[in-house]
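Data block below; observations after.
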Amino acid sequence: MPELPEVETVVRGLQLALPGRQILTVRMGKIDFIHEPDLLAERLPGSRINSVSRCGKFIAVELAPSAATANPEARLHLVIHLGMTGRLTAGAPTEPVPPHTHVFLTLDDGNELRYTDIRRFGKMRLAPDSWMDELRARWGQDALAISASEFVERFGSRASRIKALLLDQHTVSGIGNIYADESLWRARIHPARRADRLTAKQLRALHRAIQTTLLAAIRMKGSSFSDYVDAEGKPGMFQRMHRVYQREGMACRRCAQQIRRIQVAGRSSFFCPRCQPAPRARKNFGARKK
DNA sequence: AGCTCTTCCTGAAAGC
DNA sequence: TGCTTTCAGGAAGAGC
């Protein structure tokens, strides 16, 4: 599933292929995951691509203001979220079309930008600057950009379980199930611990673990299990480095204890019961009041 | 405030 | 063998 490192890898690939290109034609298959598909059909042909960037798990393809628009300040962005199984690839139109490919953009260099998404949990829309601003305001800071002190402040005051907070994009954006588990293992924190019961030292360790894990994953071009590929259609390699994710019953790489799997915040959570001690069972008798 | 459940969707894997 | 059921999950929304 694409999380920050996978989206970053796709964006870096697209940055080599898209800026400066003009979109010639747009063809769409299933459109139920596209917000206002008519707008894409109307506005994309003829527009030129300025840049490609990442905002959390969103990909933003910025278009140059078109001469036809009355207001040259009204920049548009083709915003894409890959969801679970989304793939965004740029290549020759002669390459075989994978099943479930729903958007084709032909480019002026003869290449084609394609969006493929088996489950269509992804999202696509053409949005103005103001929508991007709203997104940034509503979403938490990017997981790679947030400072240690901000991280401690944001998490230390919350009563939710730490895993739930890591997955909540409003707290910090970019982290999904894989990197939440990997980071928690690295920081030796149990996924069901309440964030406000962690020490500042533990939260700083978690912040560091997130940075280390995400940067290492980016170097390996992301994790591929079933569907994720980069902008050239190639899988990542970081899944080989996973310490806990999808390793139930296997030995912890630190202490050889068997990795366990539980449900936290409705998600599979993998952890080492020795390295990541469980929160103390809360009995009424011991309940603390604030 | 924060938790759980539901919804969207498909294919792989498990169950019978 | 071949069918049916279950599960996986990013994010939003409902309801408690």
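Please read these numbers as outputs of a predicted model, since none were measured by experiment. Below, chain A is the first sequence line, B the second, and so on; all start at residue 1.
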Here the pair of heavy atoms bringing A:P2 nearest to A:G86 is CG-O, 4.3 Å
Determine, for A:E36 against A:R125, whether the closest basic-nitrogen to carboxylate-oxygen distance falls under 4.0 angstrom.
-> no
To the nearest angstrom, the CZ-P distance between A:R125 and C:dA12 comes to 11 Å
Honestly, is A:R254 close enough over A:W185, meaning NZ or CZ under 6.0 Å from the six-membered ring centre and within 45° of the axis?
-> yes
Roughly how many Å is it from CG in A:L82 to C1' in B:dC9, rounded to a whole number?
-> 16 Å
So, is A:H81 near the phosphate of C:dA11, with a side-chain N or O under 4.0 Å from OP1 or OP2?
-> yes
In the hydrophobic clustering that connects Ile, Leu, Val, Met, Phe, Trp and Tyr at side-chain heavy-atom distances below 4.5 Å, which members other than A:F104 occupy its cluster, ordered by chain and number?
-> A:V97
Interatomic distance, A:D32 CG vs C:dA12 P [rounded to whole Å] | 17 Å
Residues that A:F121 engages under ring-ring contact (aromatic ring centres under 6.0 Å, His included), provided they are two or more places apart = none
Mind running a 4.0 Å heavy-atom check of residues 153-169 of chain A against DNA chain B and sending the residues that fall below it, in number order?
-> A:R158, A:A159, A:S160, A:R161
Round to the nearest Å and state the distance from A:K30 atom NZ to B:dC8 atom P.
-> 14 Å
Do A:Y228 and A:F238 have ring centroids that are under 6.0 Å from one another?
-> no
Heavy atoms, side chains only, cut-off 4.5 Å: are A:K57 and A:I175 in contact?
-> no
Provide, to the nearest angstrom, the distance between the CG atom belonging to A:D181 and the C1' atom belonging to C:dG10.
-> 15 Å
Could you tell me the separation between the CG atom of A:L135 and the P atom of C:dA12, rounded to a whole number of Å?
-> 9 Å
Using only side-chain N and O atoms of A:H100, determine if any of them is under 4.0 Å from OP1 or OP2 of B:dC9.
-> no
What residues, two or more places apart in sequence or in another chain, satisfy side-chain hydrogen bond (donor to acceptor under 3.5 Å, both in side chains) together with A:S147?
-> A:S149, A:E150
What nucleic acid atoms does A:K123 come within less than 4.0 Å of, heavy atoms only: base, sugar-phosphate, or nothing?
-> nothing
To the nearest Å, give me how far apart CZ (A:R120) and P (B:dC9) are.
-> 6 Å
Enumerate all atom pairs, one protein N or O and one N or O from nucleotides 5-9 of chain C, separated by less than 3.5 Å.
{"residue": "C:dA8", "atom": "OP1", "partner": "A:R261", "partner atom": "NH2", "Å": "2.7"}
{"residue": "C:dA8", "atom": "N3", "partner": "A:R119", "partner atom": "NH1", "Å": "3.0"}
{"residue": "C:dG9", "atom": "OP1", "partner": "A:N177", "partner atom": "ND2", "Å": "3.1"}
{"residue": "C:dG9", "atom": "OP1", "partner": "A:Y245", "partner atom": "OH", "Å": "3.2"}
{"residue": "C:dG9", "atom": "N2", "partner": "A:R119", "partner atom": "NE", "Å": "3.4"}
{"residue": "C:dG9", "atom": "N2", "partner": "A:R119", "partner atom": "NH1", "Å": "2.6"}

May I have the distance from A:H170 (atom NE2) to C:dG10 (atom C1'), rounded to whole angstrom?
-> 12 Å
Using a side-chain heavy atom cutoff under 4.5 Å and only I, L, V, M, F, W and Y, what cluster partners does A:M250 have?
-> none
